[in-house]
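Below is one structure; the comments refer to it alone.
Only heavy atoms go into these numbers, but all of them, side chains included; no hydrogens, no water, no symmetry mates.
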Amino acid sequence: MATINGKDIHKLVVACDAGMGSSVMLASTLRKQLGKTGVTVEHTPVNSIPADADLVVCHKGLAARARSVVPGKPIVAFQIFLGDPAVTRVVKAIQQGTDLDV
């Protein structure tokens, strides 16, 4: 398991299958939660994750595809789009500047 510090996350990408609906909803929520941190939050289809992403957040069913698109990038997989503990850990690590195991 790798670790990234919340202070080192400047661009967070929410990836989903088509880059619509679910990722837009989660990205909007994360933008609000991280608004004061200066972190850029984007949403994208999993096959189009930008290489400059510091952290990728995606549904666990898409994690393997995300890893093949951006090998070596930290990826946090979640199971539910709102209120998932994995996403909560990401937000806390960024807000508090603490380590996040990925």
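Each of Asp54, Val91, Val90 was evaluated against Leu12; a single residue qualifies, Val90, per the side chain to side chain contact (heavy atoms under 4.5 Å, CB included) test.
Listed by first and then second residue, the side-chain hydrogen bond (donor to acceptor under 3.5 Å, both in side chains) pairs that reach into residues 65-93 are Asp17-Arg65, sequence neighbours excluded.
Residues forming a side-chain contact (heavy atoms from CB on, under 4.5 Å) with Ala27 (at least two apart in sequence, or on another chain): Val14, Arg31, Val41, His43. For Asp52, the salt bridge (charged side-chain N to carboxylate O under 4.0 Å, His left out) criterion is met by Lys11, not counting sequence neighbours. By the side-chain hydrogen bond (donor to acceptor under 3.5 Å, both in side chains) test, Thr3 pairs with Asp101, sequence neighbours left out. Residues meeting the side-chain hydrogen bond (donor to acceptor under 3.5 Å, both in side chains) test with Asp99, sequence neighbours left out: Asn5. Checked against side-chain contact (heavy atoms from CB on, under 4.5 Å), Thr37 has the following partners two or more places apart in sequence or in another chain: Leu34, Val39, Ile94, Gln95. Under the side-chain contact (heavy atoms from CB on, under 4.5 Å) criterion, Val69 pairs with Asn47, Ile49, sequence neighbours left out.
A distance of 12.5 Å separates CG in Leu30 from CD in Glu42, rounded to the nearest 0.5 Å. For the atom pair NE2 (His10) and CG (Leu55), the distance works out to 12.0 Å, reported to the nearest 0.5 Å.
Side-chain atoms of Cys16 and Val46, non-hydrogen and from C-beta on, never get closer than 4.5 Å to each other.
Ile80 and Leu82 fall into different hydrophobic clusters, defined by Ile, Leu, Val, Met, Phe, Trp and Tyr side-chain heavy atoms under 4.5 Å apart, directly or through other members.
Classification of the Phe81-His59 ring pair by plane angle, with boundaries at 30° and 60°, yields parallel.
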